[in-house]
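Single-structure report; data block below.
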Amino acid sequence: MAQSQTQGMAPETDEAAHFQAKVDREIKIEPRDWMPDGYRKTLVRQISQHAHSEIVGMLPEGTWVTRAPSLRRKVQLLAKIQDEGGHGLYLYSAAETLGTSREEMVDALHEGRAKYSNIFNYPVLSWADIGAIGWLVDGAAIINQIALCRCSYGPYARAMERICREESFHQRQGYEIMMSMAFGTKEQKRMAQSALDRWWWPSLMMFGPSDRESAHSSQSMQWKIKRVSNDDLRQQFIDMTVPQADYLGLRMPDPDLKWNEERGHYDFGEIDWAELKRVVSGDGPCNKERMAARIKAHEDGAWVRDAAAAYAEKQRMRKEAAKIAAE
Amino acid sequence: MAQSQTQGMAPETDEAAHFQAKVDREIKIEPRDWMPDGYRKTLVRQISQHAHSEIVGMLPEGTWVTRAPSLRRKVQLLAKIQDEGGHGLYLYSAAETLGTSREEMVDALHEGRAKYSNIFNYPVLSWADIGAIGWLVDGAAIINQIALCRCSYGPYARAMERICREESFHQRQGYEIMMSMAFGTKEQKRMAQSALDRWWWPSLMMFGPSDRESAHSSQSMQWKIKRVSNDDLRQQFIDMTVPQADYLGLRMPDPDLKWNEERGHYDFGEIDWAELKRVVSGDGPCNKERMAARIKAHEDGAWVRDAAAAYAEKQRMRKEAAKIAAE
Amino acid sequence: MSVEAQREALFEYLLRLGDNALILGHRLSEWCGKGPVLEEDIALSNIALDLVGQANLWLEFAATVEGGERSADELAFKRDVLDWRNFLLAEQPNGDFAQTIVRQFLFDCFHVELLQALTKSANHEIAGIAEKALKEALYHRRHSGQWVIRLGDGTEESHARVQGALDALWGYTRELFDGDAIDEMMMQAGIAPDPGDFETNWKNAVGAVLAEATLTVPAGDWSIGGGKKGVHSEHLGFLLAEMQFLPRAYPDAQW
Amino acid sequence: MSVEAQREALFEYLLRLGDNALILGHRLSEWCGKGPVLEEDIALSNIALDLVGQANLWLEFAATVEGGERSADELAFKRDVLDWRNFLLAEQPNGDFAQTIVRQFLFDCFHVELLQALTKSANHEIAGIAEKALKEALYHRRHSGQWVIRLGDGTEESHARVQGALDALWGYTRELFDGDAIDEMMMQAGIAPDPGDFETNWKNAVGAVLAEATLTVPAGDWSIGGGKKGVHSEHLGFLLAEMQFLPRAYPDAQW
C-alpha cells in the first residue's frame with residue numbers, strides 16, 4: 001500500500017484535502033478509502049489498545065467467576081466476560097480492516113509495545129469489586145464509547161455502537177450488584193465502600209491525561225477519531241456517577257468533590273497523575289501478573305493453534321486431492 | 001559382595017547354618033553379617049515398600065493440611081506428616097544398610113516395580129477421614145510394626161521401635177479427631193460414619209492376603225523377618241478396634257461382625273480379596289494420582305537436586321584447591 | 001411405592017442432573033481468560049454459561065420437589081461434598097486443553113443421549129428443561145467433537161496429548177451407564193431412561209469421532225464410580241471450597 | 001492517647017505478627033509431599049509448623065487483648081480478606097522451589113531482625129513469644145539462606161531461576177520497612193521497634209548471602225504494599241477460601 005506520508009494539521013495533497021472534507025462533512029471513512037498514514041496509525045493504535053483492554057479485562061473478572069455468590073450472578077458474570085471476548089473480536093476485526101493482523105497486534109501487546117486500559121492493573125479484592133467494575137469501569141468506558149460511535153472511521157464507529165449496547169447492560173448489572181451490597185449487611189456495605197474507595201480514582205484516570213497534557217488530542221479531534229476531550233468526558237462521568245453513589249449511600253473518596261452551582265458541574269480533587277503515569281508505564285499493582293497471565297495463555301495454547309492449523313491444512317490438501325481425482 | 005546363592009528352608013552351608021542359629025537365638029543380624037541373598041532381598045523389598053508407604057502416605061493427608069479446621073489441628077497434622085517423612089528417612093537408611101541406594105529404591109517405586117501400602121490409594125474425602133486414617137490406618141500399622149520391632153534384622157527392628165512410639169501418638173490423635181466428630185454435630189457424626197464405612201475394609205486389607213494365600217510367609221517366619229501371621233495380626237486389630245468404634249457410637253460396616261465367646265475373638269465378614277488384588281495391582285481409586293504426584297514432585301525437583309550436587313562439588317573443589325595452595 | 005419415596009427419588013435424580021451441569025460448568029469457567037485462542041475462550045465461557053443455566057433450572061425444580069425448604073442457590077452453595085451427586089468425570093481438573101476437551105466430549109455424547117430421552121419424560125417439567133438443554137448439548141457436542149478431530153488429526157503433539165487425555169479419563173465413563181435403584185424408579189415411572197440403554201449409542205458416537213480423529217479407543221478396564229452416591233474424588237472438595245466461599249462466609253447476605 | 005486506642009493499636013499490631021506467620025506457614029504447608037527431595041519436604045513442613053505455631057501464640061494474645069470476643073481460631077478462620085494484615089510477600093504463591101525459598105529468605109531476614117527487637121519489648125508477653133520464635137527464625141534463615149547460596153551458585157538453571165524469583169519478589173520487600181501510625185504507637189510505647197530501623201541490617205544480611213550466591217540485588221524500583229491495611233493481592237482470597245472452608249461450612253462444630 002503506497003501512501004503519501006501526510007501528517008500534521010493541514011492537508012497537503014488533493015487526496016488529503018478530499019479526505020478531510022469527507023471527515024468534515026461527517027461522511028464515514030471506509031477501509032478502501034484513501035487515508036493519511038497518521039490517521040491509519042492512530043486508529044490501529046487506538047482500536048488495538050481498545051481490543052487488548054477487552055481481553056485483559058477478562059482476567060480480573062475471571063478471578064471471581066469461580067466465586068460468584070449465586071447461580072444468577074455466576075451466569076451474569078460468565079455472560080459478561082463472554083461479551084468482552086466478543087468485543088475483543090469485533091475490535092480486532094475493525095483494526096484488521098486497516099491492514100494490521102490480529103497476530104501482529106497480539107504480539108505487540110505481549111512484547112509490551114501496545115497498551116491496554118490501565119484500570120485492569122488494579123486487583124479485584126472482593127465481590128463488591130465486581131459490582132464496582134461494572135458500575136464505574138464500564139460506566140466510564142461507555143462515556144468514552146458513546147463519543148466513539150461518531151468516530152469518522154466506519155468500522156470502528158459501527159463496532160462501538162454494538163459494544164455500547166452491551167456495555168450499558170453490564171453497567172446496569174454492576175450497579176445492581178452495588179445496590180445489593182450497599183443495601184445489604186454491614187459486611188456487604190463495607191465491601192461496597194472499600195470497592196468504591198479503591199476503584200474511584202483509577203476510573204477517573206481511564207479518561208487519560210488532562211487536556212493540557214494529552215499528546216494526540218488536537219490531531220485526533222480534527223480527524224474526528226476523537227470527538228470529545230478527555231477532561232469533558234471525565235466531567236460527564238463524574239456528574240453522572242456522583243448522584244448514583246449518593247443513592248447507594250456510599251462516600252466518595254474525594255474530600256474536594258462538591259457541586260458547583262455556577263459551572264453546573266461537580267468540582268473534584270486533583271488526580272494523582274504520577275500514579276497514572278506509573279501504572280500506564282507498567283508499575284501498577286497487577287501489570288506483571290496480567291501480562292504474565294496473557295502470555296502464559298498464549299504460550300500454553302500454541303500447540304492447540306498449531307494443531308488447528310495443521311488440521312485445516314490437511315483438510316485443504318484432501319479437498320484439493322479429491323478435486324484432482326474427480327477431474 | 002560375593003555371597004552364596006542360598007535359598008529355601010534348610011541352611012545349606014556353614015554360614016547359612018550359623019546365620020539361622022543366630023536368628024533362632026534371637027541375636028540381631030547386623031549389616032556386616034553374612035546373610036542369605038533371599039533374606040537380603042526380602043528385607044529390601046519389605047523395608048523399601050514400608051518407606052515408600054510413608055512417603056506416599058504424606059499425599060492423602062497433605063490434601064487436608066490446607067483445610068485443617070483449627071490452628072491446633074493444623075499444627076498436629078503438619079507434625080504428623082513431618083514425622084512420616086522422618087519415618088521414610090529412617091527406613092530408607094535401614095534399607096541402604098543392605099546395599100541398595102535410596103535412588104534405586106525410589107526409581108523402582110516410580111517405575112512401578114516397587115509397591116507401597118494399598119491403603120493410600122483411597123481418597124480422603126472429609127476431615128473425618130483424617131481422623132479415620134489416624135485411628136484405623138495408623139492403628140493397623142502399629143500392630144504390624146510392634147511385631148516388626150522383634151524382627152531379626154537389627155537396623156529394621158531399631159527403626160521400628162522409634163517409629164512405633166510416634167505412630168501410637170498419631171493413632172491417639174486420630175482417635176481424638178474421631179471423638180470430636182462422632183460426639184459433635186449431626187453433620188460431623190455423619191462424616192465420621194462415612195469415613196468409617198469407607199476406611200474399615202481397606203484397613204483390614206492392610207494386613208495383606210490371608211495366611212492361606214500369603215506367598216512369602218513361611219520363609220519370612222523362619223528368618224524372623226515376620227513374627228506373626230497376617231491373619232493373626234488382622235484379628236488382633238479387629239479385636240482392638242471394635243470396642244473403640246462402639247465407644248464412638250459408630251456402626252461397623254460389616255453385618256457379620258460379632259463377638260465369638262468361644263474363640264475369644266470377633267468373627268467378621270469375608271474380605272473382598274478381588275478388590276485388594278485390584279488395588280494392589282494398580283487399579284484402585286487413586287493409584288494413578290498418587291504415583292503421578294510423586295513422579296511430578298521428583299521431576300519438578302530434579303533441577304534442585306542437580307543444583308545442590310553441583311554446589312557440593314564446587315565446594316569440594318574449592319576446599320581441595322585451598323588445601324593444595326596451603327601445602 | 002410410597003409417594004414420599006417417589007418424591008425423594010425424583011429429588012435425588014434432579015440433583016444428579018443439576019450437579020453434573022453445575023460442576024462441569026464451573027470447571028469450564030476456570031478457563032476464563034486462559035483459552036488457547038480468543039474464539040475458544042468465548043466458546044468455553046459460552047458452554048459454561050449454558051451448563052450453569054441448565055443447573056439452575058434443574059436445581060430450581062429439585063428445590064420445588066423437595067418442598068421449598070431450600071432454594072436452588074442453597075442447594076448449590078450450601079451442600080458439602082458427601083451430598084453432591086455429579087459423576088466423577090465432571091469434577092476432574094481441567095488439565096490442559098486436550099484434557100478439558102476430552103472430558104467435555106465424553107460428557108456431551110452422554111448428555112445428548114440422556115436429554116433426548118428426557119424430552120420424552122412423563123414429567124412435563126423435566127421434558128421441558130430437557131428440550132431446551134438438548135439444543136445446547138447438541139452444540140456442545142459438535143464443538144467438542146470438532147476439537148477432538150482437530151487435535152487428534154492435527155500435529156504429533158496434539159495427537160499424543162488428546163490420546164493421553166482419553167486414556168486418563170476413559171475409566172470415568174463406566175459410571176455414566178451404571179443404573180442404580182434411583183434410575184430404576186425413574187424408569188418405572190416413565191420419568192427417565194435406563195442409562196444402560198444408550199451406552200451403545202454413546203459408544204458409536206464416540207467411536208465414530210475417535211476414528212475420524214485417528215485416535216484409539218482405550219483398552220484398559222480400570223474404571224471408577226461413586227459420584228451418584230456421594231463418593232467423590234479428592235478434587236471436588238477444593239472446587240466447593242472456592243465456589244461456596246461467599247454464601248458460607250456471609251450466610252445472612254443477599255447478593 | 002486513650003487506653004482504648006492503645007489497646008486497638010496493640011491488637012492490630014499482633015494481628016500483623018500472627019497473620020504473617022499464619023499465611024506464610026499455610027503457603028509452605030501447600031508443599032506437603034511435593035518437595036524436591038525428602039529432606040526438604042520435611043524441612044518445609046517443619047518451618048510451616050513453626051510458623052503456624054507462632055501464629056497461634058500471636059493470635060491467642062491478640063484475642064486476649066481484644067477482650068475475648070473472638071478466639072485465636074476465630075481470628076484465623078472467620079476473617080475475610082479485608083481484615084487480614086499480613087504483608088503481600090507472605091501470600092504470594094509458591095511458584096517453583098526457587099520462588100518459595102526466595103520468599104522465605106527475604107522474610108526470614110526480616111523476621112530475625114524484628115523478633116530480635118521484640119525480645120526487648122516492654123510487653124513481657126510479646127518479649128516471651130519473640131524469644132521462642134527467634135530461635136526458630138534463626139534456623140529458618142539459616143535454612144533458606146543456605147538454599148539461596150546453593151541454588152545461586154549451583155547450576156546455570158538454578159541460578160537463573162533463583163535470580164528470576166528474586167527479581168519478581170523484590171518489589172514486595174519495600175512494605176516490610178514502611179512504618180505507619182500503628183508502628184509509631186508501638187514504638188512510643190516501647191512495645192515494638194520502628195521497622196525502618198532495621199532496614200539496613202536486613203539489606204546487609206540479604207546482600208551478604210546474595211553475594212555469596214553470585215546473585216544480583218535487583219535494581220528496579222517497582223514496589224507494592226497495602227497488606228498492613230488490608231489491601232491485598234488477588235491471591236489471598238483463594239487461600240482463605242480453602243483454609244477457612246470447614247469452620248465456615250460448619251459454624252457450630254468443634255473440631
Side-chain angles (χ1 to χ4, degrees), chain B residues 51 54-79 81-86 88-89 92 102 106 126-127 177 180-181 183-185 187-188 191 290 293-294 296-298 300-312 314-315, chain D residues 22 25-46 48-50 52-53 55-56 59-60 71-73 75-77 96-98 101 146-147 149-159 161-162 239 242-247 249-250 252-255:
Chain B
E54 298 282 356
I55 305 313
V56 177
M58 296 168 81
L59 295 170
E61 291 180 320
T63 304
W64 281 88
V65 79
T66 56
R67 289 176 293 173
S70 71
L71 292 168
R72 187 170 68 103
R73 293 297 184 200
K74 204 177 183 78
V75 162
Q76 276 182 357
L77 185 55
L78 274 165
I81 296 174
Q82 194 192 344
D83 282 349
E84 283 157 0
L89 276 187
Y92 282 126
R102 184 162 127 197
V106 168
S126 86
W127 176 252
I177 290 175
S180 317
M181 303 294 285
F183 302 144
T185 65
E187 290 90 352
Q188 285 179 302
M191 286 188 234
R290 300 293 183 236
R294 283 309 316 157
K296 183 172 188 322
H298 192 72
D300 287 354
W303 70 270
V304 179
R305 296 190 300 276
D306 290 348
Y311 178 75
K314 281 186 197 171
Q315 287 298 90
Chain D
L22 182 52
H26 182 95
R27 279 286 185 227
L28 290 175
S29 78
E30 294 173 355
W31 272 98
C32 257
K34 298 175 194 143
V37 62
L38 182 50
E39 285 79 354
E40 199 46 34
D41 225 318
I42 297 171
L44 292 175
S45 289
N46 189 31
L49 186 58
D50 287 347
V52 178
N56 195 25
L59 293 179
E60 275 182 349
S71 66
D73 276 337
L75 290 174
F77 293 98
D96 65 2
F97 185 70
I101 282 295
Q146 280 171 354
W147 268 114
I149 292 169
R150 254 180 235 129
L151 298 180
D153 193 19
T155 63
E156 213 172 302
E157 179 179 5
S158 69
H159 181 90
R161 283 181 187 251
V162 75
L239 183 155
E242 189 171 317
M243 182 172 97
Q244 299 180 333
F245 178 76
L246 283 175
Y250 303 96
D252 303 324
Q254 298 290 317
W255 305 96

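No hydrogens, no waters, no symmetry mates; every other heavy atom, side chains included, goes into these values. In this text the structure is predicted, and so the values were computed from the model without any measurement. Below, chain A is the first sequence line, B the second, and so on; all start at residue 1.
For D/Gln254, the part sitting under 4.5 Å from any heavy atom of chain B is the backbone (N, CA, C, O) and nothing else. Within the 4.5 angstrom heavy-atom criterion, atoms from both the backbone and the side chain of D/Ala98 approach chain B. For chain D, the nearby part of B/Ala68 is the backbone; its heavy atoms alone come within less than 4.5 Å. Contact of B/Phe183 with chain D is not made at all, since no heavy-atom distance falls under 4.5 Å. Looking at D/Ala253, both its backbone and its side chain come within 4.5 Å of chain B, counting heavy atoms on both sides. Interface residue D/Arg161: only side-chain heavy atoms are found under 4.5 Å from chain B.
Residue B/Arg73 comes nearest to D/Trp255 through the heavy atom pair NE-O, 2.6 Å, listed as atom of the first residue, atom of the second, then distance. Residues B/Thr66 and D/Ser29 approach most closely at CG2-OG, 3.9 Å, considering heavy atoms. Nearest approach of D/Pro36 to B/Gly301, heavy atoms of both residues: CB-CA, 3.5 Å. Nearest heavy-atom pair, D/Phe77 versus B/Leu71, reported as atom, atom and distance to 0.1 Å: CE1-N, 3.5 Å. For D/Pro247 against B/Pro69, the heavy-atom pair with the smallest separation is CG-O, 3.3 Å. A pairwise comparison of heavy atoms in B/Gly88 and D/Leu38 identifies C-CD2, 4.1 Å as the closest pair.
Taking B/Val75, B/Asp306, B/Asp300 one by one and counting their heavy-atom pairs under 4.5 Å with chain D, the maximum is reached by B/Val75. Comparing D/Phe245, D/Phe97, D/Trp31 by how many heavy-atom pairs each has under 4.5 Å with chain B, the most go to D/Phe97. For the set D/Asp153, D/Val52, D/Asp73, the count of heavy-atom pairs under 4.5 angstrom toward chain B peaks at D/Asp153. Most heavy-atom pairs under 4.5 Å with chain B, from the set D/Leu239, D/Asn46, D/Asp50: that is D/Asn46. For the set B/Glu61, B/Gln315, B/Met58, B/Glu84, the entry with the most heavy-atom pairs within less than 4.5 Å of chain D is B/Met58. Among the candidates B/Gly57, B/Gly85, B/Ala308, B/Ala310, the residue making the largest number of heavy-atom pairs closer than 4.5 Å to chain D is B/Gly85.
For the side chain to side chain contact (heavy atoms under 4.5 Å, CB included) test, residues two or more places apart in sequence or in another chain that qualify with B/Asp83 are B/His87, B/Glu166, B/His170.
Annotation for B/Lys314: atom NZ counts as buried by contact number, over 12 foreign heavy atoms lying within 6.0 Å.
In this structure, CG in D/Asp41 is found 10.0 Å from CD in B/Gln82, a value given to the nearest 0.5 Å. The distance from atom SG of D/Cys32 to atom CD1 of B/Ile81, rounded to the nearest 0.5 Å, is 4.0 Å. To the nearest 0.5 Å, atoms NE2 (D/His26) and CG (B/Leu78) are separated by 10.0 Å.
A donor-acceptor contact shorter than 3.5 Å is absent between the side chain of B/Arg67 and the backbone of D/Leu246. Looking only at distances, a side-chain donor or acceptor of B/Arg294 sits under 3.5 Å from a matching main-chain atom of D/Gly33.
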- Message: Before you tell me yes or no, could you show the steps for D/Glu39 and B/Leu89 under side-chain contact (heavy atoms from CB on, under 4.5 Å), namely the whole-Å CA-CA distance, both residues' side-chain angles and the distance that decides it to 0.1 Å?
- Response: CA-CA 8 Å; D/Glu39 285 79 354; B/Leu89 276 187; 3.4 Å; yes

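Using a 4.5 Å heavy-atom cutoff, the side chains of B/Gln188 and D/Tyr250 are not in contact. Counting heavy atoms from C-beta outward, B/Trp303 and D/Leu151 have side chains that approach closer than 4.5 Å.
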